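Down below is the structure, laid out as structure tokens.
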Amino acid sequence: MRYDAILIDARNALHRAFHAGSVLTTDRPDGRQNLDIGGVYQFLRILISTVETYAVPRPFVCVCWEGGETSRRREMWDLYKAGRTVHGP
């Protein structure tokens, strides 16, 4: 099935791309080594692949970023990710 519009959850896609993709590095503009660009590369591959697979020619594509620790999903639904443990600092 082909769609006229596609909505991309960019934060989720970038997170998946960064952790599932291979390490890809390049030199930084300031001359330092090993700028990790693997997540961005994989994110763009996901975006292009999704549009090619599910969209009509010249679709409307909306890429949305949800930011911050609190989200509308947590405010609307108390059990959203309730069973997950907190990792990191």
Side-chain angles (χ1 to χ4, degrees):
M1 178 175 244
R2 298 285 187 166
Y3 299 96
D4 294 327
I6 293 182
L7 177 64
I8 303 287
D9 179 359
R11 185 173 178 163
N12 179 42
L14 182 60
H15 182 81
R16 290 175 57 122
F18 179 78
H19 290 289
S22 59
V23 175
L24 180 62
T25 60
T26 187
D27 293 340
R28 296 174 187 238
D30 61 4
R32 294 184 294 169
Q33 300 288 319
N34 300 329
L35 175 63
D36 187 1
I37 59 170
V40 174
Y41 175 75
Q42 292 295 336
F43 171 77
L44 292 174
R45 286 189 60 192
I46 290 170
L47 179 65
I48 291 167
S49 174
T50 301
V51 171
E52 287 177 345
T53 303
Y54 297 108
V56 298
R58 299 183 61 135
F60 174 78
V61 178
C62 182
V63 179
C64 300
W65 298 87
E66 180 181 32
E69 286 296 317
T70 59
S71 68
R72 287 188 180 172
R73 287 178 275 194
R74 286 195 175 112
E75 293 170 5
M76 293 170 53
W77 188 36
D78 292 337
L79 297 177
Y80 178 70
K81 294 188 180 181
R84 293 192 181 183
T85 58
V86 176
H87 298 289

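Here the structure is a predicted model, which is why all the values come from computation and not from measurement.
The hydrophobic clustering, which links ILVMFWY residues whose side-chain heavy atoms are closer than 4.5 Å, places Val56 and Leu7 apart. Put simply, Phe18 and Leu24 are part of two different groups of oily side chains (I, L, V, M, F, W, Y) that touch within less than 4.5 Å, one to the next. In the hydrophobic clustering of ILVMFWY residues, with side-chain heavy atoms under 4.5 Å counting as a link, Phe60 and Met1 come out apart.
The heavy-atom pair separating Val51 from Arg2 by the smallest distance is O-NH1, 4.4 Å. Nearest heavy-atom pair across Trp65 and Ala10 is CE2-CB, 3.4 Å. A pairwise comparison of heavy atoms in Ala13 and Ile46 identifies O-CD1, 4.0 Å as the closest pair. In terms of heavy-atom proximity, Gly39 sits nearest to Ala17 at O-CB, 3.6 Å.
Atom CZ of residue Phe43 and atom CG of residue Asn12 lie 10.0 Å apart, to the nearest 0.5 angstrom. The line from SG of Cys62 to CD1 of Ile6 is 11.0 Å long, rounded to the nearest 0.5 Å. Rounded to the nearest 0.5 Å, atoms CD1 (Ile48) and OG1 (Thr53) are 11.5 Å apart.
Looking at residues two or more places apart in sequence or on another chain, you find a side-chain contact (heavy atoms from CB on, under 4.5 Å) between Val40 and Leu44.
Partner of Arg11 under the side-chain contact (heavy atoms from CB on, under 4.5 Å) criterion, chosen from Leu14, Ile8, Asp9: Asp9.
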